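Throughout, protein chains are lettered first and strands after them, A, B, ... in sequence-line order, and every chain is numbered starting at 1. Owing to the predicted nature of the structure, the values given are computational and were not obtained by experimental measurement.
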There are 2 protein chains.
Amino acid sequence: MRIGLTPERVVDTALELADASGLQNVTMTGVAQYAGVKTASLYAHVRDLNDLKTRMALSSLDELADHAAEALAGRAGKNALAALGNTYRDYARAHPGRYAATRIPLDHTSAATGGGPRNTDLTGAVLREYQLPEAERPHATRVLGATFHGFISLEQSGSFSHSSPGSDVSWQRTIDALDAMLRHWPEPSHTLNASHNENPA
Amino acid sequence: MRIGLTPERVVDTALELADASGLQNVTMTGVAQYAGVKTASLYAHVRDLNDLKTRMALSSLDELADHAAEALAGRAGKNALAALGNTYRDYARAHPGRYAATRIPLDHTSAATGGGPRNTDLTGAVLREYQLPEAERPHATRVLGATFHGFISLEQSGSFSHSSPGSDVSWQRTIDALDAMLRHWPEPSHTLNASHNENPA
DNA sequence: CCCGCTAGCCTAATATGATTAGGTAAATGC
DNA sequence: GCATTTACCTAATCATATTAGGCTAGCGGG
């Protein structure tokens with residue numbers, strides 16, 4: 001009884017498994033069972049677990065960039081900002097395993113090649129209407145990425161789920177606040193906000 | 001040859017190991033070797049690996065809150081904001097394993113008890129000088145937490161390390177931008193930033 | 001229609017890590 | 001100095017990753 005496995009099918013199976021039972025349950029054994037095959041058979045299609053995970057990350061990053069690109073089409077300013085953020089958050093909720101896969105550490109080559117840079121570029125595109133000085137763009141891109149990622153991460157780990165306001169409202173306000181931040185982007189200051197001050201941790 | 005292990009010593013050993021070789025290398029076997037003891041011996045002091053991880057998280061969260069409290073003493077406004085952010089970032093750099101332990105998911109009871117809430121309260125305290133309406137406080141607290149955590153997380157995973165501006169500069173600008181965001185905190189809008197719009201992911 | 005080969009899948013074996021059961025001896029208290 | 005506690009150990013079991021080598025389904029050529 002031959003299933004007809006290919007590297008792609010293995011990765012897709014792993015991604016489904018991840019969404020269904022969490023990235024931590026994506027093991028060779030788990031994927032094999034889910035695919036109706038013995039564990040060792042997977043090694044004909046992916047080098048090892050690390051290879052599988054890397055492919056999962058690249059696939060998810062790509063899918064995410066596709067969604068983001070579609071959501072941004074024809075939007076600008078705050079609408080684009082909200083669309084981008086919502087795309088990430090909605091994706092994380094609809095596909096928690098795939099979103100988690102997105103955070104798997106990649107080696108330099110994989111990181112430079114895949115959907116990662118595409119996502120960065122799309123974030124950069126959102127900034128266009130905010131007219132920031134050229135030199136400020138990368139920083140603003142990073143803040144947006146950090147805030148979106150951080151919010152989703154905290155939300156998914158349950159950090160928000162047991163304090164008063166629902167996290168939907170906070171998300172709403174986060175978008176509003178980021179929009180305000182971009183519209184009032186500060187001049188580069190020469191006053192250092194002294195790091196490594198008194199307590200070297 | 002008795003070492004004189006206690007739960008605390010086991011946890012401290014695990015935390016040192018985490019800082020030295022990464023949280024992913026904190027295994028019963030690894031901790032036991034590091035402590036100069038056989039693996040099974042650890043089970044007299046911690047229930048299992050999960051218990052160990054939980055204790056690591058609580059210990060680190062507490063230590064982090066201590067540092068933050070000390071850093072905030074006598075500061076207000078943007079100075080307090082920068083001090084808080086720098087405390088987190090410096091801690092993450094000085095103790096990557098402990099910081100990572102900080103992100104270990106906790107059950108409700110542990111989460112409500114330990115240093116987690118203390119950290120949240122300290123973030124709330126930073127907002128005092130920004131005079132936000134009572135109802136906006138929790139949202140602002142969450143945005144700050146999300147941005148700090150997201151930035152540090154992206155920085156540590158190397159996402160910033162191979163694009164042009166150094167991440168120190170971006171961090172500087174992030175603090176400036178968050179300060180601007182808090183000073184220009186937007187009125188609650190009734191215009192929904194429509195989530196779940198076209199592509200349900 | 002059948003022969004032979006390629007590949008897809010399997011069994012078997014090894015290694016590492018978690019966890020439990022039960023034993024031995026060092027420290028502690030009387 | 002003896003008994004008890006308990007810190008630590010050995011041995012065994014189970015799950016997962018990974019490698020080596022075997023079997024056969026099903027395809028291409030005759």
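- One can place CZ of B/Arg9 at 15 Å from C1' of D/dC8, the figure rounded to the nearest angstrom.
- Across residues 23-39 of chain B, B/Val37, B/Lys38 each have a non-hydrogen atom less than 4.0 Å from an atom of DNA chain D (numbered order).
- Each salt bridge (charged side-chain N to carboxylate O under 4.0 Å, His left out) pair with one or both residues in residues 104-131 of chain B, not counting sequence neighbours, appears once here: B/Asp62-B/Arg118, B/Asp66-B/Arg118.
- Taking atom CZ of residue A/Arg47 and atom P of nucleotide D/dT19, one finds them 10 Å apart after rounding to whole Å.
- A distance-only check finds no donor-acceptor pair linking the side chain of B/Ser59 to the backbone of B/Met56 [under 3.5 Å].
- Between A/Ser41 and the phosphate of C/dG8, there is no side-chain N or O to OP1/OP2 separation shorter than 4.0 Å.
- You'll find that the side chain of B/Tyr43 is closest to C/dA18, out of C/dA18, D/dC8, D/dA17.
- Put simply, B/His45 has no side-chain N or O that comes within less than 4.0 Å of OP1 or OP2 on D/dT6.
- Residues forming a ring-ring contact (aromatic ring centres under 6.0 Å, His included) with A/Tyr99 (at least two apart in sequence, or on another chain): none.
- The distance between atom CG of A/Leu49 and atom P of C/dT16, rounded to the nearest whole Å, is 17 Å.
- A side-chain donor-acceptor contact under 3.5 Å links B/Asn86 to the backbone of B/Ala82.
- Counted by atom type alone, A/His139 and B/Thr174 present zero donor-acceptor pairs between their side chains at under 3.5 Å.
- B/Ile3 places its CD1 atom 15 Å from the C1' atom of C/dA25, with the value rounded to the nearest Å.
- Checked against D/dA20, D/dC8, C/dC9, the side chain of A/Ala40 finds its nearest nucleotide in D/dA20.
- Spacing between atom CG of A/Leu42 and atom C1' of C/dC10 amounts to 12 Å, rounded to whole angstrom units.
- A distance below 6.0 Å separates the ring centres of A/Trp171 and A/Phe148.
- The nearest whole Å value for the distance from the CG atom in B/Asn50 to the C1' atom in C/dA18 is 12 Å.
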